[in-house]
Amino acid sequence: MLLCLPAAATAQVRQVLILKSFDRGTITLDSFTDNFRIALSEHSRDTVTFVDFVVNPAGFEESPDGAIVSYLQSAFAGRPRPDLVVTIGGPAAAFARTHRQSLFPESPLLYAAFDYRFLGDAELASNEAAVAVRNDMTGMLEDILRLFPRTSNVFMVMGSSELGRLWRAELTREFEPYAHRVRFIWSDQMPYAEILRQVRTLPADSAVFYISLGVDGQRAAHSEDRIFADLYAAARVPLFGTQEPQLGRGIVGGRLMRTTELATTAAEVAFRLANGTPADNIPRTVLRPGTPIFDARELKRWRVAEAALPANSELRFRELTLWDRFKWPIVAGASALGGQSVLITALLVSRRRRQRAEQSLRESEGRFRVLANSAPVMIRMSGVDTGCVDVNVPWLAFTGRTLEQELGNGWVDAIHPDDRQRTIDAYVDAFARRQTFRAEYRLRRSDGEYRWVLDSGELRVTPDGTFNGYIDSVIDITDLKAARATLSSLNRRLLQAQEQERTRLARELHDDVCQRMTLLAIDLDQLGKALPEDAGDARSRIKELNDAVAALGSDIQGISHRLHSSKLEFLGLAGALRAFCREVSAQRGVTIDYAHKDVPTPLPEDVALSLFRVAQEALGNALKHSGASHYFVRIRGSVDAVSLEVVDDGAGFDVAAAMEGEGLGLVSMRERLNLVGGELHIASKPGAGTTVRAFVPLRTTGMDVTGGSHPGRIG
């Protein structure tokens, strides 16, 4: 925050030209503008006149900048220049930056309320200052996944204007580390009705993340008041935004930018700049979101406990309890009735309620006990201190132990010693974070044999949101793991046999067939030279046959390389993929953009080969079916993972139908990645292109667990 302004200011701000990015109807910028006007007027002794101009009016987004500049110049013709020019929002900042020399260059200029990405580290003039914001989009995504850890789809609401395109590109880059966990659905090309339809039909494991709409895919403008009302009415999943003024309109909350603080800071900078303070003495200000803010009503609606919120979070719109509303009338009435009557009445009512509650609890517990004991799975319940409070009959039958032995921390005694500590750690972590728990470990059966089990824990929460512990369902998966291991071993052997056969065929083609084709070409050439000079037709025919043989030899050599790429051994994965893309581009006459970054060398042989085969298969399918002429191949690595992406802008296809069909290409890619612990994600739909993503971790935990790292009591 800036220091307080001098008490006596010699100059005053009388006329301010405000260049706004959008018409009124943008909640955040409207709130900032109103607060900025008030704050700047309070600093000035004279009446301040504000002249507003929208550089990007709805319906005229594509208007030439020159026409807008000419209009501004003519509007001030014969009038004093403004004492101060203020831009509000990113598009206005970019506009003023481009046309600064034509827009009152002598007047001080403040770039305000824009994301720092619009100017970056650009140098400012001697009479210019900036008050920017640094929206924490990745932090907001982390808040979504923290409160709703099962989220696997995020619907990104943004418009089709230049601002929308800039945000789409920026957020695609920022959210790339989450692409293997979350599927992002972008609305920048959708009409408004389609956006609402998509929101209305999102699956339960989704969230809606509003960035900025402006204009939809049909270039139609919509006010944010209407947008938030429509989104809230349509959504059956949580709604999130990025700005404080959006709170109370249906968003859950999170790391929101505080507009009031931003407006106050901008007004102080504007006053100092307009009164002659050198720009060098006014540091460039970039505000970040403060402590997270949440709407208590939305938290209650989505059953999010306050304990799950980040530390120091602020709650707004908390509903008053009956006591808060009627405290004094109750006190006055109780005093009038007298202590004796109140005490007797309260005791009778309390006793009756307790009896009803106990009866209801007994009935509920009885029904649950019957259901739990008849269930075909083992069930374990824990209290708020992580200790076991109950198990069902199938659990006791499996372990051969008594209920008393299982209570508290006793149930962990039956876990295999090699699995015990990591299971305890994972359970305590999930417990502390109030997240679902999932783990595989070995549990001792009554006959002494250790069996692999899958333990899935869910939170037990009362209707008012109070956390009561966990309920875990446990099933024996020993036979399933054995079947998986057998199948995995068989798949690996089949793929190894396939690679060996590919290598054998490639060598046969290269060392035998290609050599024979070369000798045949030489013989044809010699035959042509041996013919007499007057045998012109025969020479031409032999020349044609020689060219055909050479082309056939080149094709056979290409097949040999595709069957087994020796370049993978000598150049590594990144180099082999570059050579492969160049070869395919030259053969098929298409454009393939290839890029790689931080690919570890050397990679494990099975990982490199799997990713290379996936790239071959994906690009081959695209060339065969998409009809596109432009393709993208990207590979990126880190210390613990490698990711591959093959993209085309062609016809697209129905992924679900293709996976169920008779083709082996997609199945082969998925099986190859499964064998190295990787994942395959395919995003496509008819007419919208295809994206194939492969992700292979280079480090594995050996355990499927959801949870963080917090201390606990268990163990």
Side-chain angles (χ1 to χ4, degrees), residues 146-151 204-205 299-300 302-308 357-358 360-415 419-420 422-445 451-477 480 703-708 710 712-715:
R146 178 191 182 109
L147 299 184
F148 303 95
R150 292 185 175 182
T151 301
D205 58 346
L299 294 178
K300 182 178 181 181
W302 300 109
R303 297 185 178 181
V304 177
E306 293 185 18
E358 291 174 351
S360 176
L361 181 60
R362 286 193 298 270
E363 293 175 353
S364 177
E365 289 180 345
R367 289 192 297 270
F368 176 77
R369 174 61 58 186
V370 172
L371 179 63
N373 289 334
S374 61
V377 298
M378 296 178 282
I379 296 176
R380 184 185 70 253
M381 294 178 60
S382 65
V384 295
D385 62 349
T386 74
C388 175
V389 297
D390 201 1
V391 296
N392 68 344
V393 170
W395 177 286
L396 298 177
F398 182 91
T399 61
R401 291 158 57 91
T402 65
L403 175 61
E404 289 71 21
Q405 289 176 307
E406 302 300 284
L407 297 180
N409 296 335
W411 67 275
V412 302
D413 294 339
I415 299 177
D419 302 337
R420 187 174 300 154
R422 67 178 183 180
T423 303
I424 291 172
D425 292 343
Y427 190 67
V428 171
D429 290 346
F431 205 100
R433 294 165 65 93
R434 301 294 190 265
Q435 292 184 342
T436 56
F437 168 77
R438 182 182 175 90
E440 294 181 7
Y441 55 85
R442 286 165 287 183
L443 190 67
R444 187 176 60 246
R445 199 166 59 182
R451 304 282 292 179
W452 279 101
V453 298
L454 173 62
D455 189 335
S456 301
E458 296 289 342
L459 282 72
R460 290 194 299 124
V461 181
T462 62
D464 63 356
T466 303
F467 174 69
N468 273 358
Y470 273 72
I471 181 167
D472 290 68
S473 58
V474 183
I475 59 174
D476 188 335
I477 61 169
L480 178 61
M703 189 171 184
D704 180 12
V705 171
T706 301
H710 293 271
R713 296 182 52 200
I714 191 169

(message) Tell me every residue that passes salt bridge (charged side-chain N to carboxylate O under 4.0 Å, His left out) with R420, counting only those two or more places apart in sequence or in another chain.
(response) none
(request) Kindly give the heavy-atom pair with the smallest separation between F437 and A430, and that separation in Å. (result) CB-CB, 4.0 Å
(message) With a 4.5 Å cut-off on side-chain heavy atoms, are L443 and I415 touching?
(response) yes
(request) Answer whether the closest heavy-atom distance between the side chains of R303 and V461 falls below 4.5 Å. (result) no
(message) Run the side-chain contact (heavy atoms from CB on, under 4.5 Å) test against D413 and tell me which residues pass, sequence neighbours left out.
(response) R401
(message) Counting C-beta onward and ignoring hydrogens, is there a side-chain heavy-atom pair between L454 and R438 closer than 4.5 Å?
(response) yes
(message) Among residues at least two apart in sequence or on other chains, which ones pass side chain to side chain donor-acceptor pair (under 3.5 Å) with R460?
(response) none
(request) Compare every heavy atom of Y427 with every heavy atom of S382, then report the nearest pair and how far apart it is. (result) OG-OH, 3.0 Å
(message) With heavy-atom distances below 4.5 Å as the criterion, would you say the side chains of Y441 and I424 are in contact?
(response) no
(message) According to salt bridge (charged side-chain N to carboxylate O under 4.0 Å, His left out), who are the partners of R380, at least two apart in sequence or on a separate chain?
(response) D455, D472
(request) Could you pull out the closest heavy-atom pair between L403 and V391, with the gap in Å? (result) CD1-CG2, 3.7 Å
(message) Tell me every residue that passes side chain to side chain donor-acceptor pair (under 3.5 Å) with D205, counting only those two or more places apart in sequence or in another chain.
(response) S152, N153
(message) Among residues at least two apart in sequence or on other chains, which ones pass side-chain contact (heavy atoms from CB on, under 4.5 Å) with R451?
(response) F398, R445, E449, D476, T478, D479
(message) Parallel, tilted or perpendicular, judged at 30° and 60°: which one describes the rings of F467 and F431?
(response) perpendicular
(request) Please name all residues satisfying salt bridge (charged side-chain N to carboxylate O under 4.0 Å, His left out) with R442, sequence neighbours left out, ordered by chain then number. (result) D419
